[in-house]
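The structure under discussion appears below in the form of structure tokens.
Because only heavy atoms are used, hydrogens play no part in the values below, and waters and symmetry mates are left out as well, while side chains stay in.
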Amino acid sequence: MAARIDHAVTSGTFSLDGQTFDVDNNVWVVGDDDECVVIDAPHDADAIRAVVGDRRLKAILCTHAHDDHVRVAPALREATGAPILLHPDDKPVWELTHPDLLWDADLTDGQQVEVAGTTLTVLHTPGHAPGAVCFHAPDLGCVFTGDTLFQGGPGATGRSFSDEDLIKQSIRARLFALPADTVVHTGHGDDTTIGAEAAALG
Ligand SMILES: [Zn+2]
């Protein structure tokens, strides 16, 4: 059975540098009827578990460690036994939200995560956060970009741990190298494509 993508949106807050904002976050679940992985764990573990259903959750993959992406990762781990995977360069960001907890395994550039007969390749794309990663699924014709690339351009770089030049460098070198018709599933808001964003950013 081929892997498929399921999706939920959760609502809550994002806090950094002493400010708090209301945000809606995308949760992406890649798998088949037997097993799956979750990409990001914002706000509401029950909402995420509703998408997972009775499938075996193999891993909780974090695109980066802003609190609106990892808030309920430990609760989801507790409930399912699935390990949390994060790029270690996001340790200082993770510690703002979970100072007394750790993730289980590091994500590394080029790493391949296997689920339901398909492969997600980790692309380290620092800039929005130092440990920001994207997950490319060539079989599914898509890439999960977290807050690195949105419909309309690069993710925000105005706050701590961010770097505008670096995010543009990451996007150009790593994401725009993907086929133009690759669908971009983002951390917030609507899908786009690599080709549309490459044309817009120039
Ligand atoms: Zn973020």
Side-chain angles (χ1 to χ4, degrees), residues 3 5 7 9 14 16-17 21 23-28 30 37-42 59 61-70 85-94 96 103 105-115 118-202:
I5 300 167
H7 175 226
V9 178
F14 163 57
L16 191 62
D17 298 339
F21 307 88
V23 286
D24 292 333
N25 280 59
N26 292 322
V27 178
W28 300 103
V30 180
V37 297
V38 164
I39 298 173
D40 287 339
L61 307 175
C62 304
T63 61
H64 63 298
H66 281 154
D67 66 350
D68 59 326
H69 294 258
V70 301
L85 279 65
L86 177 74
H87 194 288
D89 288 0
D90 254 17
K91 184 169 195 285
V93 185
W94 170 271
L96 297 175
W103 63 97
D106 289 347
L107 291 170
T108 58
D109 187 57
Q111 179 180 346
Q112 301 202 317
V113 178
E114 308 284 340
V115 61
T118 199
T119 302
L120 302 176
T121 301
V122 177
L123 307 175
H124 183 209
T125 52
H128 177 71
V133 299
C134 300
F135 299 96
H136 180 218
D139 297 347
L140 302 175
C142 69
V143 61
F144 300 90
T145 57
D147 291 357
T148 293
L149 183 64
F150 292 123
Q151 182 188 85
T157 47
R159 298 178 191 286
S160 297
F161 308 106
S162 288
D163 184 323
E164 185 178 358
D165 289 339
L166 190 56
I167 197 174
K168 287 182 176 167
Q169 194 180 313
S170 291
I171 289 168
R172 288 201 170 97
R174 307 304 303 278
L175 297 181
F176 290 173
L178 303 177
D181 62 354
T182 303
V183 174
V184 177
H185 295 303
T186 66
H188 305 271
D190 293 333
D191 291 347
T192 182
T193 64
I194 290 296
E197 299 310 321
L201 196 62

Please report the closest heavy-atom contact between V70 and A65, naming both atoms and the distance.
-> CG2-O, 3.5 Å
4.5 Å side-chain heavy-atom contact, F144 and L120 = yes
At their closest point, which heavy atom of F161 faces which heavy atom of P92, and how far apart are they?
-> CE2-CB, 3.8 Å
Close side-chain approach of H69 to T63, heavy-atom, < 4.5 Å | yes
For the residue pair H66 and H64, does the interplanar ring angle fall in the parallel (under 30°), tilted (30 to 60°) or perpendicular (over 60°) class?
-> perpendicular
Heavy-atom donor-acceptor pair, N26 side chain to G189 backbone, under 3.5 Å = yes
Residue pair V133 / C62: nearest heavy atoms and the distance that separates them = CG2-O, 3.7 Å
Is the shortest heavy-atom distance from the side chain of I5 to the side chain of C142 under 4.5 Å?
-> yes
Would you say Q112's side chain and T121's backbone share a donor-acceptor pair under 3.5 angstrom?
-> no
For the residue pair I171 and F176, establish whether any side-chain heavy-atom pair is separated by less than 4.5 Å.
-> yes
Interatomic spacing from CG in L175 to CG in L123 - rounded to 0.5 Å = 6.5 Å
Shortest non-hydrogen pair, Q111 vs D106, comes out as OE1-O, 3.5 Å
Would you say the side-chain atoms of T157 pair up with the backbone N or O of S162, donor to acceptor, closer than 3.5 Å?
-> no
Side chains of D109 and R174 in contact at under 4.5 Å (non-hydrogen atoms) = yes
Side-chain donor/acceptor of T118 to backbone N/O of V115, under 3.5 Å | no
Does the side chain to side chain contact (heavy atoms under 4.5 Å, CB included) test come out yes or no for T186 and L149, once each step is laid out?
-> CA-CA 7 Å; T186 66; L149 183 64; over 6 Å; no
Sidechain-backbone polar pair: H128 side chain, A156 backbone, donor-acceptor under 3.5 Å = yes
Between CG on residue D89 and CG on residue L107, distance to nearest 0.5 Å | 11.0 Å
Shortest non-hydrogen contact between N25 and V23, atoms and distance | OD1-CG2, 3.4 Å
So how far is it from K168 NZ to D163 CG, rounded to the nearest 0.5 Å?
-> 11.0 Å
Closest non-hydrogen atom pair, V184 against T193 | CG2-C, 3.7 Å
Heavy-atom check, side chain of V37 versus side chain of F135, under 4.5 Å | no
Donor-acceptor pair, H188 side chain versus D24 backbone, under 3.5 Å?
-> yes
Would you say D191's side chain and V183's backbone share a donor-acceptor pair under 3.5 angstrom?
-> no
Examine distances only and state if a side-chain atom of D90 and a backbone atom of G131 form a donor-acceptor pair shorter than 3.5 Å.
-> yes
Can you find a heavy atom in the side chain of V30 that is under 4.5 Å from one in the side chain of I39?
-> yes
Rounded to the nearest 0.5 angstrom, the OG1-CD distance for T192 and E197 is 3.5 Å
Could you tell me whether the side chain of D40 reaches within less than 4.5 Å of the side chain of W28, counting heavy atoms only?
-> no
